[in-house]
Amino acid sequence: LSLHSPFRTLLKPSAHKHHLRAEDMIRRFLLLSPLLISIICSPLLPLQSISVRGHLYCGQFPMNNVKVKLIDVDPGETDDLLDSAFTDENGFFALSGATRENDTMQGAIKIYHHCGDRLALHGDPMSTPRSGKTKKKKICARKIKWEIPSEYNTDGLGPQRWFEIGTINMELGFHGYERDCRH
């Protein structure tokens, strides 16, 4: 009989089982190798940090409770969330985060707001014929993403240098914004 015969399992069942276990172990090891390598090598990659702060306004009013995220943009991969917060009653936010990267980190901020969305602020009256009640139509937030210049990256952990965006009036017409309902 050849080794590839269907009768091989009948003749040597225990040897075949051990053979499959070894193949399974090798297959699992090969599948998990990238994860193991990343866990082992991650502490060897340089730690880079970035910090950003500023004020957001809508017209003449500070924008409070606006979600702002600090991310590390990874082309072709999911971006890394470094920090997130909501603006305070004065429209102020300050974010700082760090990551281990082989290349230069590309920091960015994402701002989710409703400035300029009259319907989102005041509701879109849609009367129902039976009750006459008014429903508010939910409008997804505008998402704006701005990249932070890489010269504001610092080595190590914590804010050593802040990127100051200053005070920005979000009524400006920013090109390239998207709508985002899940932020």
Quick check against the 3.5 Å criterion: does [X] have a side-chain atom that pairs as donor or acceptor with the backbone of [Y]?
{"X": "Gln48", "Y": "Thr154", "result": "no"}
{"X": "Asp83", "Y": "Leu70", "result": "no"}
{"X": "Asn64", "Y": "Gly91", "result": "no"}
{"X": "Thr87", "Y": "Asn65", "result": "yes"}
{"X": "Ser84", "Y": "Val68", "result": "no"}

In terms of hydrophobic clusters joined by side-chain contacts under 4.5 Å, are [X] and [Y] together?
{"X": "Trp146", "Y": "Val52", "answer": "yes"}
{"X": "Met63", "Y": "Ile168", "answer": "yes"}
{"X": "Tyr152", "Y": "Ile165", "answer": "yes"}
{"X": "Phe163", "Y": "Ile71", "answer": "no"}

Give, for atom [atom1] of [X] and atom [atom2] of [Y], the distance between the pair rounded to the nearest 0.5 Å.
{"X": "Asp72", "Y": "Asn153", "atom1": "CG", "atom2": "CG", "result": "8.5 Å"}
{"X": "Asp79", "Y": "Glu77", "atom1": "CG", "atom2": "CD", "result": "9.5 Å"}
{"X": "Gln160", "Y": "Ser96", "atom1": "CD", "atom2": "OG", "result": "9.5 Å"}

>> Applying side chain to side chain contact (heavy atoms under 4.5 Å, CB included) to Met170 and Ile111, what does each step give before you reach the verdict?
In response: CA-CA 10 Å; Met170 300 304 288; Ile111 301 170; 4.1 Å; yes
>> Are there over 12 heavy-atom neighbours, none belonging to Leu81, within less than 6.0 Å of that residue's CG?
In response: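 Yes, enclosed.
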>> If you apply the rule side chain to side chain contact (heavy atoms under 4.5 Å, CB included), what do you find for Cys58 with His113, and how did you get there?
In response: CA-CA 9 Å; Cys58 184; His113 70 94; over 6 Å; no
Measure across [X] and [Y] and return the closest heavy-atom pair with its distance rounded to 0.1 Å.
{"X": "Glu101", "Y": "Thr99", "result": "CG-CG2, 3.6 Å"}
{"X": "Trp162", "Y": "Ser51", "result": "CE3-CB, 3.4 Å"}
{"X": "Glu171", "Y": "Cys115", "result": "CG-SG, 3.5 Å"}

>> The criterion is side-chain contact (heavy atoms from CB on, under 4.5 Å); which residues satisfy it with Phe92, sequence neighbours excluded?
In response: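 Counting only residues at least two positions away or on another chain, Phe92 forms a side-chain contact (heavy atoms from CB on, under 4.5 Å) with Arg53, His55, Asp88, Ala94.
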>> Run the side-chain contact (heavy atoms from CB on, under 4.5 Å) test against Glu147 and tell me which residues pass, sequence neighbours left out.
In response: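 Here the qualifying residues are Gln106, Ala108.
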Any non-hydrogen side-chain atom of [X] less than 4.5 Å from a side-chain atom of [Y]?
{"X": "Gln60", "Y": "Asn169", "value": "no"}
{"X": "Ser49", "Y": "Leu157", "value": "no"}
{"X": "Leu56", "Y": "Phe93", "value": "yes"}
{"X": "Val66", "Y": "Tyr112", "value": "no"}

>> Please evaluate residues Leu82 and Leu95 with respect to the criterion side chain to side chain contact (heavy atoms under 4.5 Å, CB included), reporting the C-alpha separation (whole Å), side-chain torsions for both, the decisive distance (0.1 Å), and the verdict.
In response: CA-CA 8 Å; Leu82 302 178; Leu95 302 172; over 6 Å; no
> Given the rule in the side chain to side chain contact (heavy atoms under 4.5 Å, CB included) test, do Ile109 and Lys145 qualify, once you have shown the distances and angles that lead to the verdict?
Replying inline: CA-CA 6 Å; Ile109 59 171; Lys145 178 179 163 184; over 6 Å; no
>> Applying salt bridge (Lys or Arg N to Asp or Glu O under 4.0 Å), can you list everything that pairs with Arg161, at least two apart in sequence or on another chain?
In response: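 Partners of Arg161 under the salt bridge (Lys or Arg N to Asp or Glu O under 4.0 Å) test: none.
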